[in-house]
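When reading the values below, keep in mind they use all heavy atoms of this one structure, side chains included, and skip hydrogens, waters and symmetry mates.
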Amino acid sequence: MSILVVYATKSGASEQCARLLSEQLPHCTICDIGSEKPTIDEFDSIIVGAGVRDGKIYKPLRDFIKKNHSELLNKKIGYFICNEKPRKTEEILDENIPNDLKKAAVCMESFGGYKAYAAPKENEDPLKGIFVDKIRTFAEKFMI
């Protein structure tokens, strides 16, 4: 099974999460949608991850979901978001992921995150605010 983790990031949290997640999954490729346009038909499974600002996932991922909606329904799919308010995860997913894609998802989760102005500096822990245990659990569920 080949897996694509496609993500959008502004402050780096989604990229950190995508990298950690890819280390837990076999035959996994990661793609920053801001700099690459993936060919999803090459993959059996897709994980979509994005940062959140003002309750919305980043536009490149919203566009990716809209453009590939029908193809995503034919894949094993999962979603993660990076938001500093995990209590709002369900609300954010409801507002940003179409219902049929949510129902088709194997897993959906918030991996934590931080506000842009609080992003880790060069000498700080790059995983500050990220729930590494949730990434591991997500990977395990996705592989079942």
Side-chain angles (χ1 to χ4, degrees), residues 1-116 118-120 124-144:
M1 167 174 47
S2 58
I3 303 169
L4 173 67
V5 177
V6 60
Y7 69 93
T9 192
K10 288 186 181 175
S11 56
S14 298
E15 179 179 10
Q16 289 289 342
C17 292
R19 291 190 186 288
L20 286 171
L21 188 58
S22 72
E23 293 168 6
Q24 306 283 319
L25 300 167
H27 312 290
C28 187
T29 301
I30 63 173
C31 172
D32 178 353
I33 196 76
S35 60
E36 301 176 64
K37 301 299 177 227
T39 307
I40 66 171
D41 57 330
E42 297 173 7
F43 299 92
D44 304 308
S45 304
I46 311 282
I47 298 172
V48 177
V52 175
R53 294 264 167 86
D54 299 323
K56 293 185 178 183
I57 63 173
Y58 297 148
K59 187 172 180 352
L61 254 286
R62 289 195 317 263
D63 293 346
F64 173 83
I65 291 168
K66 187 182 282 186
K67 177 184 175 198
N68 296 290
H69 188 125
S70 58
E71 292 92 340
L72 292 172
L73 285 170
N74 295 316
K75 305 280 184 182
K76 183 176 185 180
I77 186 88
Y79 302 95
F80 74 85
I81 58 173
C82 292
N83 61 323
E84 83 278 1
K85 298 177 183 172
R87 289 182 306 254
K88 294 197 173 230
T89 298
E90 193 170 324
E91 178 184 328
I92 291 167
L93 291 168
D94 283 345
E95 291 177 11
N96 288 275
I97 309 294
N99 282 332
D100 55 347
L101 289 174
K102 282 190 310 198
K103 287 179 185 170
V106 174
C107 3
M108 298 188 294
E109 185 62 78
S110 169
F111 293 161
Y114 37 78
K115 293 181 187 267
E124 294 180 337
D125 179 5
L127 300 178
K128 175 180 89 173
I130 299 202
F131 306 132
V132 176
D133 57 325
K134 287 190 175 189
I135 295 171
R136 257 187 245 111
T137 301
F138 183 100
E140 290 168 4
K141 284 184 190 175
F142 196 78
M143 293 309 299
I144 295 175

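- Looking at T29 and S2, their side chains never come closer than 4.5 Å, going by heavy atoms from C-beta outward.
- When side chains are defined from C-beta on, M108 does not count as touching I81, because their heavy atoms never get closer than 4.5 Å.
- In this structure, D41 and E71 have side chains that are not in contact, with every pair of non-hydrogen atoms separated by 4.5 Å or more.
- For residues 56-66, every residue pair satisfying the side-chain hydrogen bond (donor to acceptor under 3.5 Å, both in side chains) rule, not counting sequence neighbours, is listed here: K59-D63.
- G55 and E95 get closest at one heavy-atom pair: O-OE1, 4.2 Å.
- Put simply, CG on L101 and CD1 on I46 are 11.5 Å apart, with the number rounded to the nearest 0.5 Å.
- Relative to the ring axis of F142, K76 places its NZ or CZ within 45° and under 6.0 Å from the centre.
- A 4.5 Å side-chain heavy-atom check between Y7 and D32 finds at least one atom pair inside the cut-off.
- Expressed to the nearest 0.5 Å, how far OG1 of T9 lies from CG of L61 amounts to 10.0 Å.
- A salt bridge is defined here as a Lys NZ or Arg NE, NH1 or NH2 lying under 4.0 Å from an Asp or Glu carboxylate O, and R136 with E140 fails to meet this definition.
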side-chain contact (heavy atoms from CB on, under 4.5 Å) between D100 and H69: does it pass, once the steps are laid out? CA-CA 9 Å; D100 55 347; H69 188 125; 2.8 Å; yes
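- Remark: the backbone N or O of N83 is not paired with any side-chain donor or acceptor of K88 at under 3.5 angstrom.
- Listed for the N96 side chain is a donor-acceptor partner under 3.5 Å among the backbone atoms of I57.
- Put simply, the side chain of I135 does not reach to within 4.5 Å of the side chain of F80, judged on heavy atoms.
- The CZ atom of R53 lies 5.0 Å from the OG atom of S11; values are rounded to the nearest 0.5 Å.
- S14 places no side-chain N or O within 3.5 Å of a backbone atom of G49 that could act as its donor or acceptor partner.
- For the pair I130 and A13, the tightest heavy-atom approach, listed with the atom from each and the gap, is CD1-O, 3.8 Å.
- A distance of 8.5 Å separates CD of E36 from CD1 of I30, quoted to the nearest 0.5 Å.
- Atom CD1 of I40 is separated from atom NZ of K67 by 8.5 Å, given to the nearest 0.5 angstrom.
- Here the shortest heavy-atom pairing between P26 and I3 reads O-CD1, 3.7 Å.
- A distance of 9.0 Å separates CD in E109 from CG in L93, rounded to the nearest 0.5 Å.
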Test log, rule side-chain contact (heavy atoms from CB on, under 4.5 Å), inputs F43 and S45: CA-CA 6 Å; F43 299 92; S45 304; over 6 Å; no
L20 and V132: CA distance, side-chain angles, deciding distance, side-chain contact (heavy atoms from CB on, under 4.5 Å) verdict: CA-CA 8 Å; L20 286 171; V132 176; 4.3 Å; yes
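- The number of heavy atoms from other shown groups lying within 6.0 Å of NZ (K37) is above 12.
- Between F138 and F111, the two ring planes are perpendicular [angle over 60°; tilted spans 30° to 60°].
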